[in-house]
There are 2 protein chains.
Amino acid sequence: MTDTAATDQVFRPRLSRERIVHEALRVVDDEGLQALSMRRLGSLLGVEAMSLYRYVDGREDLLEAMVEHLTDGLRLAPHTPVGTEDGWQAYLQWLAHEVRRVAHAHPQVFPLIATRHPAAPWLRPPLRSLDVVEDFLSVLTRQGFGDEAAAAAYRAFSSFLIGHLLLEASQLGGSVVPDEALDEGDPNAPSSALELADYPTIRRLEPELSQDRSGEEFESALEELLDRIARTRRS
Amino acid sequence: MTDTAATDQVFRPRLSRERIVHEALRVVDDEGLQALSMRRLGSLLGVEAMSLYRYVDGREDLLEAMVEHLTDGLRLAPHTPVGTEDGWQAYLQWLAHEVRRVAHAHPQVFPLIATRHPAAPWLRPPLRSLDVVEDFLSVLTRQGFGDEAAAAAYRAFSSFLIGHLLLEASQLGGSVVPDEALDEGDPNAPSSALELADYPTIRRLEPELSQDRSGEEFESALEELLDRIARTRRS
DNA sequence: ACCTGAACACCGTTCAAGT
DNA sequence: ACCTGAACACCGTTCAAGT
């Protein structure tokens with residue numbers, strides 16, 4: 001046996017909150033939320049589970065930190081010149097696609113982003129970072145939105161993102177089931193082994209239902225939402 | 001001590017899948033998802049946890065059964081005369097409000113409805129019962145929608161419901177935290193103890209953000225969605 | 001200062017055994 | 001047929017103890 005095999009402690013740079021959160025995200029991305037336990041996370045970091053409690057205030061705090069790490073990343077790419085008349089539209093387009101990118105990059109974490117309670121009741125997932133919300137509201141109000149219209153736009157925008165992205169993420173993150181029960185595949189059966197005999201319309205529309213139009217539908221629904229928001233602006 | 005106190009077995013009608021699901025819903029409604037364990041559920045039903053496995057194929061199957069119990073309830077109140085020209089609009093209005101009623105009645109279960117993987121990849125929460133989807137698609141196609149338009153309407157409608165109701169439910173179900181840390185309330189501090197010094201726009205808009213407009217916003221966004229869907233119909 | 005060992009109070013689940 | 005006891009392999013978390 002070699003040295004590294006004997007010690008099995010490949011040299012870990014030293015624990016830190018950042019390293020813990022990063023490793024936790026890796027676990028959930030690769031194996032799903034139920035694979036994340038304090039004990040397993042500890043052992044992956046070459047440490048006993050109890051050591052994590054120096055940096056993280058329990059499992060709930062860890063989940064919170066993971067969500068914050070992803071939602072704080074939505075800040076300030078030097079996004080768009082807010083000077084122009086329609087700068088807010090470019091900003092919201094950019095922000096929507098940023099959130100979508102996060103949802104696609106971490107489909108197993110997005111349900112957490114969508115369902116955990118933010119720090120204040122008026123914060124709404126997935127735009128639950130104060131920095132991001134400040135950006136959002138200040139861009140809109142500086143471009144002629146009234147206070148009430150800006151707040152309403154924030155609520156509508158959040159709902160839009162959750163509605164479209166949670167389902168997309170759910171479909172992306174779904175097939176991480178450990179490949180059991182894929183054994184005896186009925187050589188017929190249209191994609192799923194569901195019995196559709198009593199559901200004629202579903203059976204007829206199954207091809208249309210199975211089509212993935214999420215990209216186009218996201219874009220067109222987003223444009224419609226921006227139009228709708230534009231109408232509420234009092235300039 | 002009396003007889004009932006001595007036995008503590010108040011007479012339980014006998015176990016059944018239905019009774020288990022019903023009690024599980026009661027637990028989650030009252031105390032939240034994390035309060036639901038097989039062992040505790042068993043003891044609430046006057047039985048050892050292992051007995052539950054006769055009726056339920058493990059915890060995951062139980063959660064699934066809870067979701068199905070609620071989403072199958074969306075079926076066929078003798079809803080609306082589908083004969084008329086705009087019958088589909090009345091049907092979708094009815095269906096949207098039914099789902100909203102479920103979300104309000106079980107805010108702690110709704111995240112489960114929204115995030116669990118349905119039986120087929122083309123099924124989307126919260127309309128994940130085959131009966132309901134068959135209703136949905138057959139009503140629309142019988143009223144002049146093309147197959148593709150009906151499928152697109154199903155997807156848009158599902159996204160709308162998730163986006164609006166998950167946030168509403170989250171706010172309703174949130175305050176079930178066991179009333180700790182409510183102790184030393186800063187007599188000032190506007191509703192939340194968040195530090196908003198560096199967020200001038202948020203601070204200025206906090207009253208508008210804190211307003212609960214979910215009712216009105218649900219209604220007006222729903223009407224807008226129905227208008228949008230109407231435009232996709234090829235009659 | 002940072003990590004660990006041992007312990008506590010829980011979990012979900014299986015399976016042979018009871019009635 | 002229906003329920004249980006005992007056991008297994010896990011959890012999260014605390015706390016005194018080690019270095």
Side-chain angles (χ1 to χ4, degrees), chain A residues 6-28 30-67 108 112 116-117 176-178 180-181, chain B residues 6-28 30-67 108 112 116-117 176-178 180-181:
Chain A
T7 63
D8 210 9
Q9 207 82 337
V10 214
F11 176 68
R12 300 296 187 175
R14 181 159 94 274
L15 228 42
S16 73
R17 184 173 237 259
E18 201 181 338
R19 228 161 68 75
I20 292 172
V21 169
H22 190 265
E23 185 70 20
L25 283 171
R26 217 184 50 70
V27 170
V28 175
D30 292 354
E31 310 173 51
L33 194 61
Q34 85 286 348
L36 182 72
S37 77
M38 300 298 281
R39 295 173 114 113
R40 194 158 119 66
L41 183 58
S43 97
L44 286 171
L45 289 164
V47 111
E48 299 297 314
M50 308 79 191
S51 310
L52 304 175
Y53 287 79
R54 290 254 147 202
Y55 304 90
V56 152
D57 201 24
R59 187 176 200 264
E60 285 299 298
D61 182 51
L62 172 58
L63 295 179
E64 202 60 34
M66 295 165 64
V67 167
Q108 310 242 45
L112 234 48
R116 289 188 67 83
H117 295 304
V176 197
V177 193
E180 320 147 14
Chain B
T7 63
D8 210 9
Q9 206 80 337
V10 214
F11 176 67
R12 299 296 186 175
R14 183 159 92 274
L15 228 42
S16 74
R17 188 174 168 96
E18 200 181 340
R19 228 160 68 75
I20 292 172
V21 169
H22 190 265
E23 186 71 19
L25 283 170
R26 216 183 51 69
V27 170
V28 175
D30 292 355
E31 309 173 52
L33 195 59
Q34 84 286 350
L36 182 72
S37 76
M38 300 298 281
R39 295 174 114 112
R40 195 158 119 67
L41 183 58
S43 98
L44 286 171
L45 288 163
V47 109
E48 300 297 314
M50 309 78 191
S51 310
L52 303 175
Y53 287 80
R54 290 255 145 203
Y55 305 90
V56 153
D57 200 25
R59 187 176 200 264
E60 285 300 298
D61 182 52
L62 172 60
L63 296 179
E64 201 60 34
M66 294 165 65
V67 167
Q108 311 242 44
L112 235 47
R116 288 188 67 83
H117 296 302
V176 196
V177 194
E180 320 146 13

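Order of the sequence lines sets the chain letters (A, B, ...), proteins ahead of strands, with each chain counted from 1. These numbers come from a predicted model, not from an experiment.
Separating the CG atom of Leu62(B) from the P atom of dT13(C) is a distance of 10 Å, rounded to the nearest angstrom.
Shown here, dA6(D) forms a base pair with dT14(C); the pair counts as Watson-Crick or G-U wobble because both key distances fall under 3.5 Å.
Closest approach to the Arg39(A) side chain among dC11(D), dT13(C), dG5(C) is made by dC11(D) (side chain taken as heavy atoms from C-beta onward). Comparing dT13(C), dA7(C), dC3(D) by their closest approach to the side chain of Val47(B) singles out dC3(D). Comparing atom distances between the Leu15(A) side chain and each of dG5(C), dG12(C), dC3(C) picks out dC3(C) as nearest. Closest contact between the side chain of Arg40(A) and the listed nucleotides dG12(C), dC11(D), dG5(D) involves dC11(D). Side-chain proximity of Arg14(B) to the nucleotides dC15(D), dC15(C), dC3(D) is greatest for dC3(D).
Of the inter-residue distances, the one linking Ile20(B) atom CD1 with Leu52(B) atom CG reads 4.5 Å to the nearest 0.5 angstrom. Distance check, rounded to the nearest 0.5 Å: OH of Tyr55(B) to CZ of Arg19(B) gives 9.5 Å.
Using a 4.0 Å cut-off between charged nitrogen and carboxylate oxygen, Arg116(A) and Glu60(A) count as a salt-bridge pair.
Toward the 5' end of DNA chain D, the nearer of the two residues Glu60(A) and Tyr55(B), judged by each one's closest nucleotide, is Tyr55(B). Between Ser37(A) and Arg54(A), the residue anchored nearer the 5' end of DNA chain D, judged by the nucleotide with its closest heavy atom, is Ser37(A).
When the side-chain nitrogen and oxygen atoms of Ser51(A) are compared with OP1 and OP2 of dC2(C), none of them lie within a distance under 4.0 Å.
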